[in-house]
Amino acid sequence: MSGKEVIFSGVQPSGDLTLGNYLGAIRNWVDLQDEYDCYYCVVDLHSITVPQEPKDLRRRTLEVMSLYMACGIDPKKSTIFIQSHVPEHVELSWVLSTMTYLGELNRMTQFKDKTKKNEKNLNAGLFTYPVLMASDILLYNTNAVPVGDDQKQHLELARDLADRFNNRYSNTFQVPEPLISKVGARIMDLQDPEKKMSKSAENENGYILLKDDPDTIRRKVKRSITDSINKVKYSDDQPGIKNLLTIYSKLTGEEIKDIEKRYTDKGYGEFKSDLAEVIVNHLSPIREKYLEYMNDKDYLKEVYNEGCEKASKVARKTLRKVYKKTGFMAR
Ligand code: ATP
Ligand code: LTN
């Protein structure tokens, strides 16, 4: 073992990745690679909690992997793998589900939201989703989990389950910490700035995809909802502009107050068109690299096979310990 602390995170291949996924999660993963032992997973088992077309799911799994690498995740430094390739995730999930209270799952806001959206498919997987997520994290002795703000509640369950298992048996799991950035942990929908930007939103003008071409990005930014105050100001009374300023600042590294100052006497039109160029310039190289990776399926296979091998070794060791402590007979 490297002796470094462990980072684990994942994204579902349930749709095309958005600027929200990038700024809230993946971008923060890149900087952690040198200091930590990082596991970045494509969580395909989670994605089937809403119906998926099999061939789209296969394609998207590779797309998410390609985007990880295009955003700067280096498979030589980090372990990139596909969740369904490591069956220990499901096995641990079963054990932990017997230690999770129904009340805990009932309280989950993501479950409540998704229930509203999927009234025709209220499956048990949607309900037990956070237990599988806890298993992902706990299998790798994870110290910290970099995610967007919406995942805080799920992480609390992972921490509670680690504690519960450790107390019932003996010290087994590391209790993981959330790693959520202060600004940009919740990028909002461009058409409805009260909602988070989501890859499964109905209105495609509400999100920017990492693979959107420059003209699409310009069009979406131009059409984004603002207000009639006509002042570029970071204020809760102006949620649309606040969101655009957050995106601008996160992508350029410039302080929000400096951006505000520069646009004091300028209208929304100019601010939006400059922001569109900031986004285009930032995403263009990512898009190009993404397309290159998608054209090299052999390389992708090499990466996920190697990732699976590395992840499996750790996962197997943890699961063996768990089974033994639980009282299952050794083979
Ligand atoms: P869906 O909307 O289909 O439920 P999602 O867009 O939330 O999916 P996930 O795969 O569930 O995507 O999330 C991947 C990561 O991206 C998580 O760490 C999540 O917190 C983060 N994330 C998702 N949307 C945003 C957002 N709008 N702002 C910041 N972070 C986000
Ligand atoms: N539920 C997460 C995706 C996810 C995840 C994880 C994130 C599944 N397993 C483990 C961090 C660590 C989401 O973003 N919706």
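Since we're looking at a predicted model, the values are computed, not measured. Whatever order the structure lists them in is the order used to number ligands and atoms, beginning at 1.
At under 3.5 Å, a nitrogen or oxygen of Gly20, whether backbone or side chain, sits near a nitrogen or oxygen of ligand 1. Distances between N or O atoms of Asp150 and those of ligand 2 include no value under 3.5 Å. Considering backbone and side-chain atoms together, Ser9 places no N or O closer than 3.5 Å to any N or O of ligand 1. For ligand 2, one of its N or O atoms has an N or O atom of Asp136 under 3.5 Å away. Of the N or O atoms in Pro146, none lie within a sub-3.5 Å distance of an N or O in ligand 1.
Which parts of ligand 1 touch Ala25 is read off a 4.0 Å heavy-atom cut-off, strictly below it: atoms 15 (C), 16 (O), 18 (O). The ligand atoms of ligand 2 that sit less than 4.0 angstrom from a heavy atom of Val147 are 7 (C), 11 (C). Atoms of ligand 1 found under 4.0 Å from any heavy atom of Ser14, numbered from 1 in the order shown, are 3 (O). Close contacts between ligand 1 and Gln151 involve ligand atoms 20 (O) [criterion: under 4.0 Å to a heavy atom]. The atoms of ligand 2 that sit less than 4.0 Å from any heavy atom of Ser9 are 11 (C), 12 (C). Close approach of ligand 2 to Gln12 is summarised as follows: ligand atoms under 4.0 Å from at least one heavy atom of the residue are 15 (N). Listed by atom number, the atoms of ligand 2 under 4.0 Å from His46 heavy atoms are 8 (C), 9 (N).
A side-chain donor-acceptor contact under 3.5 Å links Glu104 to the backbone of Tyr101. In terms of modelled atom types and a separation under 3.5 Å, the side chain of Gln52 and the main chain of Ser47 share a donor-acceptor contact. Listed for the Lys272 side chain is a donor-acceptor partner under 3.5 Å among the backbone atoms of Lys222. Listed for the Tyr268 side chain is a donor-acceptor partner under 3.5 Å among the backbone atoms of Lys231.
Note on ligand 1: Gly15 sits outside its first shell, no heavy atom being nearer than 4.0 Å. The shell of residues lying under 4.0 angstrom from ligand 1, judged by heavy atoms, excludes Leu23. Under the 4.0 angstrom criterion for non-hydrogen atoms, Asn21 is in contact with ligand 1.
Counting only heavy atoms of the protein, atom 3 (O) of ligand 1 lies nearest to Ser200 OG, 2.9 Å. Taking atom 4 (O) of ligand 1 as the reference point, the nearest protein heavy-atom neighbour is Lys114 NZ, 2.9 Å. For atom 18 (O) of ligand 1, the nearest non-hydrogen atom of the protein is Gly148 N, 3.2 Å. Residue, atom and distance of the protein heavy atom nearest to atom 1 (N) of ligand 2 are Tyr129 OH, 2.6 Å. Ranking protein heavy atoms by distance to atom 2 (O) of ligand 1, first place goes to Ser198 OG, 2.4 Å. Protein heavy atom in closest approach to atom 10 (C) of ligand 2: Phe8 CE2, 3.5 Å. Protein heavy atom at the shortest distance from atom 19 (C) of ligand 1 is Asp150 OD1, 3.4 Å.
The minimum heavy-atom distance between Tyr129 and His154, with the atom names listed, is CE2-CE1, 3.8 Å. Across all non-hydrogen atoms, the minimal contact from Lys211 to Arg287 is O-NE, 3.1 Å. Residues Val30 and Gly72 share a closest heavy-atom pair of CG1-O, 3.8 Å. Of all non-hydrogen atoms in Gln174 and Ala162, the two that sit nearest each other are O-CB, 4.0 Å. Nearest heavy atoms, Ile241 versus Val232: CG2-CA, 4.1 Å.
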Could you walk me through whether Leu62 and Lys297 pass side chain to side chain contact (heavy atoms under 4.5 Å, CB included), step by step?
CA-CA 8 Å; Leu62 294 183; Lys297 299 282 180 324; 3.6 Å; yes
Begin with the C-alpha distance, continue with both residues' side-chain angles, and end with the deciding distance and a verdict on side chain to side chain contact (heavy atoms under 4.5 Å, CB included) for Thr49 and Lys114.
CA-CA 10 Å; Thr49 50; Lys114 296 221 167 174; 5.7 Å; no
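Note on ring orientation: taking the six-membered ring where Trp is involved, the planes of Phe328 and Tyr323 are perpendicular (angle over 60°, cut-offs 30° and 60°). Note on ring orientation: taking the six-membered ring where Trp is involved, the planes of Tyr263 and Tyr248 are perpendicular (angle over 60°, cut-offs 30° and 60°).
Among Asp150, Asp149, Asn243, Thr246, the one residue that satisfies the side-chain hydrogen bond (donor to acceptor under 3.5 Å, both in side chains) test with Arg186 is Asp149.
By the criterion of a heavy-atom distance under 4.0 Å, both the backbone and the side chain of Gln12 are placed next to ligand 1. Only the side chain of Val145 comes within 4.0 Å of ligand 2, counting heavy atoms alone; its backbone N, CA, C and O stay farther away. At a heavy-atom cutoff of 4.0 Å, ligand 2 is contacted by the side chain of Gln151 but not by its backbone. By the criterion of a heavy-atom distance under 4.0 Å, the side chain of Ile137, and not its backbone, is placed next to ligand 2. For Ile187, heavy-atom contacts with ligand 1 shorter than 4.0 Å involve the backbone as well as the side chain. At a heavy-atom distance under 4.0 Å, only backbone atoms of Ala185 (N, CA, C or O) approach ligand 1.
Crowding of Lys324 atom NZ: a count of heavy atoms from other residues, nucleotides or ligands under 6.0 Å not exceeding 12.
Here the NZ-CG distance, from Lys233 to Asp227, works out to 11.5 Å after rounding to the nearest 0.5 Å.
Between His89 and Tyr140, the distance from one ring center to the other falls under 6.0 angstrom.
Comparing Lys196, Lys199, Gln110 against atom 7 (O) of ligand 1, the shortest heavy-atom distance belongs to Lys196.
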